[in-house]
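In what follows, a single structure is set out as structure tokens and then discussed.
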2 protein chains.
Amino acid sequence: MTGETRPRKRDATATRAAILASAREVFARSGYDGAGLREIAAGAGVTAMLVRRYFGDKERLFAEAIAAANSAPIIATQSVLKGEHPGAAIAEALVQLTAPGAKPLDGFLILLNSASSVRAAQIGRKVIESAPQKTVAALLEGENVEQRAALILSLVAGFQMMRQAIGLGALADSDPRVLEDLLTPLFERLVKES
Amino acid sequence: MTGETRPRKRDATATRAAILASAREVFARSGYDGAGLREIAAGAGVTAMLVRRYFGDKERLFAEAIAAANSAPIIATQSVLKGEHPGAAIAEALVQLTAPGAKPLDGFLILLNSASSVRAAQIGRKVIESAPQKTVAALLEGENVEQRAALILSLVAGFQMMRQAIGLGALADSDPRVLEDLLTPLFERLVKES
DNA sequence: CAGGAAAGTCTACAGCCGTAGAGTTATAGG
DNA sequence: CCTATAACTCTACGGCTGTAGACTTTCCTG
């Protein structure tokens, strides 16, 4: 699904990147347990054994996929939090990125869909504590920055799950403006020191 | 794990209830795909074939388990929302029910851990829209009640995922009072008309 | 242009899954 | 006490999973 149809010349780094991209997509859609190595491989136009060859085992691949998936959104979060009205900016970005037809925000979606797998949850906890939470917390001021950062991520993840994974009608079919207006004061409250 | 060790007399309704209880537990822990019929059966001191005999197929069992799991928390939610300070009451209940050692709130946990399974997500959406969201929405006043109800559920689910399923340190190891104080204004804002 | 290393594939193996129907055992009613 | 019926189990199938090592093809270098 990554678009490559021609056989692609033998290029280790490009193949590796293609596998990683496919892994992010499949893990985001099906979760850790639901994703099959053969399916990921097919998405990159490759066999499952090559995946093993590049990433060792499934856990290793998952850890890399989740790390890669989280790097991009974090950069966005960073710039958003530095603005004038961070709460509104987060709300707008979140509503826009989780729009029904939009390409899933794989960063959290991977974690979210993999929470039921014990191994995946452990890996996910380490990744999320070392990257997104830390980054958000660094931009907050006042007391309980870690807890507030964790709650921001909780709201983002919960909203994303209900809107994208579950597809709750009240969130998926509503006017985005309404959702933004409801979310803004919540984020605002968490960003500003309590 | 439901405690029954003796063979239990042949009692169809009791056996059915035992299977359902085991199903809630296993689905909550492992999600739809991760849960095995044999594991659920073993938890009820029974074979997998009997599960099939009582509930038809896995989808049917899942639908019943999720419906049963949601009925209890909804009743609690109802009484909580009728009180004087509903936001604080929800926050307190949520923090208490998701405490690290506590028995999981299987209602949302089942959905949450099963979101990656397409079939489970569809079943889950129907169940959640027909029961919890509807119930919460019915207790709200003002505009956008459906959206606000959905956001309440999103925050509850996200918090639960980050605290119980992922085990984020900032939420799992913090003073419950701090978490309650941070969550209260968020719920308060969603409960009262915007 | 040849050779060797790197890139990629083939076949296979246990182990689990949901499903299926035939077979067995305990319980209740006459 | 005996029997009919409901409750329950046994064995098995096909399909999927992650993993494994041996094999083949392509490309770069000398």
Side-chain angles (χ1 to χ4, degrees), chain A residues 2 4-23 26-27 29-66 113-114 116-120 122-123, chain B residues 2 4-23 26-27 29-66 113-114 116-120 122-123:
Chain A
T2 321
E4 296 295 318
T5 140
R6 284 181 304 177
R8 179 181 46 243
K9 288 199 175 176
R10 295 200 162 190
D11 181 341
T13 60
T15 302
R16 214 190 122 94
I19 293 173
L20 205 55
S22 175
V26 178
F27 277 134
R29 190 185 337 117
S30 308
Y32 180 79
D33 285 329
L37 252 31
R38 287 169 177 80
E39 183 185 1
I40 291 173
V46 143
T47 54
M49 292 65 222
L50 199 63
V51 175
R52 241 181 85 58
R53 207 170 172 78
Y54 276 113
F55 295 91
D57 57 10
K58 195 183 183 181
E59 284 188 13
R60 234 93 61 91
L61 174 62
F62 182 73
E64 283 215 37
I66 214 175
N113 283 338
S114 303
S116 62
S117 172
V118 176
R119 284 297 298 135
Q122 291 174 347
I123 297 170
Chain B
T2 322
E4 296 294 318
T5 142
R6 282 180 304 176
R8 177 178 52 241
K9 289 201 175 176
R10 294 199 164 190
D11 181 341
T13 59
T15 301
R16 212 190 122 95
I19 293 173
L20 205 56
S22 175
V26 178
F27 277 134
R29 190 187 335 120
S30 308
Y32 180 79
D33 285 329
L37 252 32
R38 289 169 176 81
E39 185 185 0
I40 292 172
V46 146
T47 54
M49 291 64 220
L50 199 63
V51 176
R52 241 182 83 59
R53 207 173 175 76
Y54 276 113
F55 295 91
D57 57 10
K58 195 183 183 182
E59 286 188 13
R60 234 94 61 92
L61 173 62
F62 182 73
E64 283 215 38
I66 214 175
N113 283 340
S114 303
S116 63
S117 172
V118 176
R119 286 297 298 134
Q122 290 174 347
I123 298 170

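Chain naming here is simple, since letters A, B, ... match the order of the sequence lines and numbering starts at 1 in each.
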Non-neighbouring partners of B/Arg16 that pass side chain to side chain donor-acceptor pair (under 3.5 Å), sequence neighbours left out: B/Glu64
For DNA chain C, the residues among residues 30-37 of chain B that have a non-hydrogen atom under 4.0 Å from it: B/Ala35, B/Gly36, B/Leu37
Test salt bridge (Lys or Arg N to Asp or Glu O under 4.0 Å) applied to B/Arg53 - qualifying residues, sequence neighbours left out: none
Pair listing, side chain to side chain donor-acceptor pair (under 3.5 Å) test, anchored in residues 37-49 of chain A, at least two apart: A/Arg29-A/Glu39
From CD (A/Glu59) to OH (A/Tyr32), nearest 0.5 Å: 4.5 Å
Side chain to side chain, B/Val46 and B/Ile40, heavy atoms closer than 4.5 Å: no
Check: A/Arg38 side chain, D/dG18 base, donor-acceptor under 3.5 Å: yes
Length of the line joining A/Leu50:CG and C/dA6:C1', which is rounded to integer Å: 11 Å
ring-ring contact (aromatic ring centres under 6.0 Å, His included) against A/Phe27, all qualifying residues, sequence neighbours excluded: A/Phe62
Candidate nucleotides D/dC8, C/dT9, D/dA7, ranked by approach to the side chain of B/Ala12 - the nearest: D/dA7
Between P of C/dC17 and CD of B/Glu39, the distance in whole Å: 8 Å
For atom CD1 of A/Ile40 and atom C1' of D/dG18, their distance in whole Å: 11 Å
B/Arg52 CZ - D/dA12 C1' separation (whole Å): 14 Å
side-chain N/O B/Thr15 vs D/dC8 OP1/OP2, d < 4.0 Å: yes
Main-chain N/O of A/Asp11 paired to A/Thr15 side chain as donor or acceptor, under 3.5 Å: yes
Side chains of A/Leu20 and A/Tyr54 in contact at under 4.5 Å (non-hydrogen atoms): no
Reading 5' to 3' through nucleotides 25-30 of chain D, protein heavy-atom contacts under 4.0 Å coded B for base, S for sugar-phosphate only, - for none: BB----
Nearest atoms (heavy-atom pairs only) where B/Gly31 meets A/Ser116: N-CB, 3.9 Å
Residues in contact with DNA chain D, drawn from residues 53-60 of chain B - heavy-atom cutoff 4.0 Å: B/Arg53, B/Tyr54
B/Arg60: side chain to side chain donor-acceptor pair (under 3.5 Å) partners, not counting sequence neighbours: B/Asp57
Nucleotide of C/dA12, C/dT19, C/dA7 approaching A/Met49 most closely (side-chain heavy atoms): C/dA12
Heavy-atom pair of closest approach, residues B/Ala35 and B/Ser30: N-CB, 3.9 Å
